[in-house]
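Notes follow once the structure below has been shown.
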Amino acid sequence: MPKPSSTASGDRPQPAPVGLLLPRTRFPRTPRVGVPDWHGVSPSHLAYLIRRYTHVGDVVLDLDAHPAAIAATAYMNRVPARLFTGRHGLHVRLLPPAPERRTRHALRRPGPHVDLMLAALPKGAQGLTQDDAATAMSTWRPLLRPGGFLLVGLTAPPPGEISRRATVIAAARAAGLFYHQHIPAVLVPLPEHEPRTAPQRPDEADDGRRLLAGRHLPAFRDLVVFGTTATGEENARA
């Protein structure tokens, strides 16, 4: 419940850093025709996120080397990168830009570290334990530049399990990252009225709007953003 207006401003709850990505009713210009969604997130939304968290010439690394991430990175005039394992451990290799996109900004931020890292958890159909999340965060943290960001896309947990968001946030903080923002990305258009719990007639075809095995169909994906350093606004809230 909101606090009364007489409460001192310093005692009022701070606004939660939450964003929302809604599916578009129109199909705008995308990085490239035929590019698949990044784990349910459209290429145009992914390009928007890359633009928000980076500058021209910054290095963007998608751990899965997803074609949508590489296309959106190049489309926004950032530098895509790949992660390799060598004799001396993990290292980042910059991908050369296409000839038509080679500019003086392309090599403005050379080096082994990245400005934005994109990751999806968990991998495949396996679960995500606290140890798994801690290992992942401690491995990824050294790859980020000071002031860089890590954007993690979480799959919906299987029936009977709670959200993995708290597990990932705790692991990231233990690795020295700062929790920056939570972005629910809505994957399907939301109807004006909720039809999924309405009784379904025997003669009615299954149109995918009803319950699946007694549960609601997944309609959004959690995107959680972490930073290597806290922003000025976040320091002011602390």
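Residues take their numbers from the sequence shown, with the count starting at 1.
The shortest distance between side-chain heavy atoms of Met117 and Leu151 does not fall below 4.5 Å. Residues Val59 and Thr73 fail the side-chain proximity criterion, which asks for heavy atoms closer than 4.5 Å. Trp38 has its side chain within reach of Leu118: a pair of non-hydrogen atoms, C-beta onward, lies under 4.5 Å apart. Between His182 and Ile169 the shortest side-chain heavy-atom distance does not fall below 4.5 Å. A heavy-atom distance below 4.5 Å is found between the side chains of Pro43 and Asp37. Side-chain contact between Asp64 and His39: present, with at least one pair of heavy atoms (C-beta onward) separated by less than 4.5 Å. Counting only heavy atoms from C-beta outward, the side chains of His180 and Phe149 approach each other to under 4.5 Å. Side-chain contact between Leu177 and Leu150 is present, with at least one heavy-atom pair separated by less than 4.5 Å.
Minimum interatomic distance between Ala175 and Arg141 (heavy atoms only, all atoms of both residues): O-CG, 3.5 Å. The minimum heavy-atom distance linking Val114 with Val92 is given by the pair CG1-CG1, 3.8 Å. Residue Val35 comes nearest to Ala68 through the heavy atom pair CG1-CA, 3.3 Å, listed as atom of the first residue, atom of the second, then distance. Between Ala69 and Ile50, the shortest heavy-atom distance links the atoms O-CD1, 4.3 Å.
Note on Arg78 versus Asp58: no salt bridge recorded, every NZ/NE/NH1/NH2 to OD/OE distance being 4.0 Å or above.
Atom CZ of Arg165 sits about 14.0 Å away from atom CG of Leu121, to the nearest 0.5 Å. If you take OG on Ser44 and OH on Tyr75, they are separated by 9.0 Å, rounding to the nearest 0.5 Å. With rounding to the nearest 0.5 Å, the separation of CZ in Arg221 from CD1 in Ile183 is 13.0 Å. Rounding to the nearest 0.5 Å places CG of Asp115 at 11.0 Å from CG of Leu61. Atom CG of residue Leu94 and atom CZ of residue Arg82 lie 12.5 Å apart, to the nearest 0.5 angstrom.
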Query raised in the report: What do the steps show when you test Val60 against Val79 for side-chain contact (heavy atoms from CB on, under 4.5 Å), and what is the final call?
Result: CA-CA 6 Å; Val60 179; Val79 181; over 6 Å; no
**Report entry** Audit row: Val168, Leu154, side-chain contact (heavy atoms from CB on, under 4.5 Å) steps and yes/no
**Finding:** CA-CA 9 Å; Val168 171; Leu154 299 176; 3.7 Å; yes
**Report entry** side-chain contact (heavy atoms from CB on, under 4.5 Å) between Leu83 and Leu143, worked out
**Finding:** CA-CA 10 Å; Leu83 186 64; Leu143 300 175; 3.9 Å; yes
Report task. Take Thr135 and Met137 through the side-chain contact (heavy atoms from CB on, under 4.5 Å) test and state the conclusion after the steps. Result -> CA-CA 6 Å; Thr135 300; Met137 293 298 173; over 6 Å; no
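The salt bridge (Lys or Arg N to Asp or Glu O under 4.0 Å) test applied to Arg93 returns no partner, not counting sequence neighbours.
A distance-only check finds a donor-acceptor pair linking the side chain of His113 to the backbone of Pro142 [under 3.5 Å]. A donor-acceptor pair is defined here as one N or O able to donate and one able to accept, closer than 3.5 Å; no such pair exists between the side chain of Arg173 and the backbone of Tyr179. Thr228 contributes a side-chain N or O that, together with a main-chain N or O of Gly148, makes up a donor-acceptor pair within less than 3.5 Å.
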